[in-house]
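Take a look at the structure below.
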Amino acid sequence: MALRFYNTLPGKVEEFHPLENNQVRMYACGPTVYDYGHIGNFRTFVAIDILCRFLRQSGYKVRYVMNITDVDDKIIRNSARDGVSVKQYTEKYEKAFLEDSATLNIEQPTLVRATDHIPEMAEFVVALEKKGFAYRAEDGSYYFRIAKFPGYGKLSKKDFAGMEDGARVDLDEYDKDSARDFALWKAPKPGEAFWETPIGRGRPGWHIECSVMSMEELGETFDLHAGGEDLIFPHHENEIAQSEALTGKPFAHFWFHARFLLVEGEKMSKSLGNFLTLRDLVLKGYKPSSIRLLLASVPYRHQLNFTFDGLKQMASNVDKLRNFQLRLTAAQLPAGVNGEIQQLANEAVEKMRSALEDDLNTAQAQAAILDMVRKANAALDNGLIKKDDVPPLLAALERFDDIFAVLKDDDAPKMKAILDWAKAHDRQKDISQGLLDAVGSQSVSDVEIENKVAAMEAARRARNFQLSDAVRAELTSAGLIIEQTKDGIRWRRK
RNA sequence: GGCGCGGUACCCAAGUGGUAAGGGAGAGGUCUGCAAAACCUUUAUACGUCGGUUCGAUUCCGACCCGCGCCUCCA
């Protein structure tokens with residue numbers, strides 16, 4: 001079996017094969033850096049991250065490029081409002097985006113920025129104009145002539161032939177040939193930021209950056225183009241039109257789109273007051289690993305209902321996995337091997353693989369590993385696991401984590417960073433007790449903890465339970481979890 | 001209006017033409033100085049409603065109800 005996933009272009013699930021045997025070239029539409037990223041943005045980027053990780057796990061070499069849109073109307077407006085340059089304005093949010101992505105263990109792709117490619121965009125417009133696909137309007141803007149590109153609408157399945165122009169013409173755009181024609185290049189209005197280019201002053205239209213940068217990085221035809229579902233139209237439709245008009249070749253072969261999420265059953269929007277950034281969630285005390293697992297655990301084509309209850313559930317799942325890993329590595333086991341356990345691990349790996357190959361069914365993959373963990377825990381309780389059974393079980397866990405990336409327990413330092421950010425940005429009022437608890441143990445060093453734990457254990461062995469419990473209480477209130485097991489004391493940060 | 005997606009237990013959420021993964025929560029239990037962790041048992045005669053196809057449908061078809069998305073730069 002090979003990976004199958006939904007390709008928006010033909011509108012069905014297809015087997016994925018790259019153009020060049022083992023090499024995948026993929027491009028994702030990244031964020032417009034005008035504000036802090038919200039949880040919906042990250043649903044998309046986690047979905048694409050999972051796709052990329054699974055392609056690598058399946059043996060492909062992946063060249064993954066993502067753009068940063070660092071110029072658009074909103075950015076120009078907001079930077080002017082704040083009295084800073086476009087660059088100054090976007091740098092802050094780009095940095096935040098990269099930090100947030102790292103917080104969610106999203107692997108960083110090769111990044112390309114729109115403002116670093118302005119000359120190439122101007123050239124692109126010139127080339128389109130030569131071919132008759134672009135025209136200049138009176139104000140110096142350039143538009144793409146949709147009527148000249150017969151395939152227009154093939155991605156979004158829209159039939160523009162029968163549509164009448166006129167109903168929704170923007171007053172600013174009276175000099176377009178057709179209302180549907182989209183801007184390749186925008187002439188500046190008075191006071192607006194602009195770039196000086198051979199086609200005049202102005203700024204790029206929204207879509208052109210992706211055509212220019214993806215082809216520059218990946219070639220005129222590449223394997224995979226990804227983004228949020230809202231980008232299907234008009235963004236990706238327009239990218240296809242521009243790119244294929246210019247090259248006469250197919251642009252991207254596979255189109256991958258992640259669905260929007262809901263927050264507590266409702267569309268996320270500022271007016272509903274359920275607009276959540278990653279930082280908001282961490283300030284409320286939720287862990288990055290819980291957030292990532294929740295974003296990852298509903299298949300990308302399903303509407304994910306993002307809830308606080310779901311976040312708590314995911315925290316349990318993460319703990320279950322981490323506890324199992326700790327238990328397995330710490331366990332003192334008899335030598336030998338139990339064939340059934342080997343088989344259990346192999347089956348889990350196989351189930352995860354086939355689930356992910358089937359349109360990236362992350363829910364099933366997660367179920368497979370949790371099922372294995374439950375059975376292996378039971379076997380551990382019953383003394384049925386031998387020393388040589390440990391590596392395959394750990395390997396299955398790692399195979400899961402190659403994709404889901406939640407096992408490593410580094411939530412506390414990540415949350416600490418966001419706590420510090422909040423303090424520095426006048427958001428003290430949003431800092432929850434939960435966050436303080438989660439971060440609390442960061443102020444205690446491992447050595448200090450080890451010493452306390454040893455003291456507690458000594459007291460316990462001396463059957464001085466009063467002292468032992470007192471030390472436990474102290475550690476607990478410092479944000480630590482202490483567990484006594486038959487293999488010794490185990491502690492971790494909350 | 002056009003195109004598309006979904007409605008599964010208390011909650012989240014997979015899935016299949018032959019009678020429902022996984023997780024959470026609840027209840028009971030095992031283990032345990034305490035506390036955890038872990039495990040076991042238990043919680044859908046039933047998969048929005050009504051028809052149809054079929055030996056048999058939650059799974060296919062049709063209608064309807066409800067929710068959601070895109071259709072002017074929101075991931």
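Chain letters run A, B, ... following the sequence lines, proteins first and then strands; every chain starts at 1.
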Which nucleotide, if any, forms a Watson-Crick or G-U wobble pair with B/A21, using both distances under 3.5 Å?
none
Report which part of the nucleic acid A/Asp319 touches: base, sugar-phosphate, or nothing (heavy-atom distance under 4.0 Å, all strands).
nothing
Validate the cation-pi geometry between A/Lys12 and A/Tyr6: distance from NZ or CZ to the six-membered ring centre under 6.0 Å, angle to the ring axis within 45°.
no
So, does the side chain of A/Arg472 form a donor-acceptor pair with the base of B/C34 at under 3.5 Å?
yes
Please work out if A/Ile482 contacts a base, only the sugar-phosphate, or nothing of the nucleic acid, heavy-atom cut-off 4.0 Å.
base
Under 3.5 Å side-chain donor-acceptor pair for A/Thr69 and A/Glu209:
yes
Quick check: on RNA chain B, is the nucleotide nearest A/His38 upstream (toward 5') of the one nearest A/Lys375, or the reverse? Name the residue that is more 5'.
A/Lys375
Considering every strand and a 4.0 Å limit on heavy-atom distances, what is the contact class for A/Ser468: base, sugar-phosphate, or nothing?
base
Heavy atoms only, 4.0 Å cut-off, all strands: where does A/Asn323 land among base, sugar-phosphate and nothing?
sugar-phosphate
Check: A/Tyr286 ring centroid to A/Phe308 ring centroid under 6.0 Å
yes
How is A/Pro31 classified with respect to the nucleic acid when contacts are heavy atoms under 4.0 Å: base, sugar-phosphate, or nothing?
nothing
Does the side chain of A/Arg180 get closer than 4.0 angstrom to OP1 or OP2 of B/U72 through an N or O atom?
yes
Examine A/Phe5 together with A/Tyr300 and report whether their ring centres are nearer than 6.0 Å.
no
Rounded at 0.5 Å granularity, tell me how far OG in A/Ser156 sits from NE2 in A/His235.
13.0 Å
Watson-Crick or G-U wobble mate for B/G26, both contacts under 3.5 Å:
B/U42
Mind checking if A/Arg460 touches a base, just sugar-phosphate, or nothing, with heavy atoms under 4.0 Å?
base
Centroid-centroid distance, A/Phe182 to A/Tyr142, less than 6.0 Å:
no
Assess the pair A/His225 and A/Phe254: is the distance between their ring centroids shorter than 6.0 Å?
no
Can you see whether A/Asn105 engages A/Arg292 through a side-chain donor-acceptor pair at a distance of less than 3.5 angstrom?
no
Using only side-chain N and O atoms of A/Lys158, determine if any of them is under 4.0 Å from OP1 or OP2 of B/C70.
no
Hey, does the side chain of A/Lys176 come within less than 4.0 Å of B/U72's phosphate (OP1/OP2), counting only N and O?
no
Will you find, in the side chains of A/His257 and A/Thr8, an N or O donor that is under 3.5 Å from an N or O acceptor?
yes
When the nearest nucleotide of RNA chain B is assigned to A/Lys157 and to A/Leu262 on a heavy-atom basis, which residue is associated with the more 5' position?
A/Lys157
Under 5.5 Å between ring centres and under 30° between planes: does that hold for A/Phe260 against the base of B/G69?
no
Got a sec? Which of residues 105-117 of chain A come in under 4.0 Å of RNA chain B, heavy atoms?
none
Selection: residues 44-54 of chain A, any non-hydrogen atom under 4.0 Å of RNA chain B:
A/Thr44
Any A/Arg259 side-chain nitrogen or oxygen under 4.0 Å from OP1 or OP2 of B/G6
no
Between A/Phe465 and B/G33, do the rings stack, that is, sit under 5.5 Å apart with planes less than 30° off each other?
yes
With heavy atoms under 4.0 Å as the rule, sort A/Ile232 into base, sugar-phosphate or nothing.
nothing
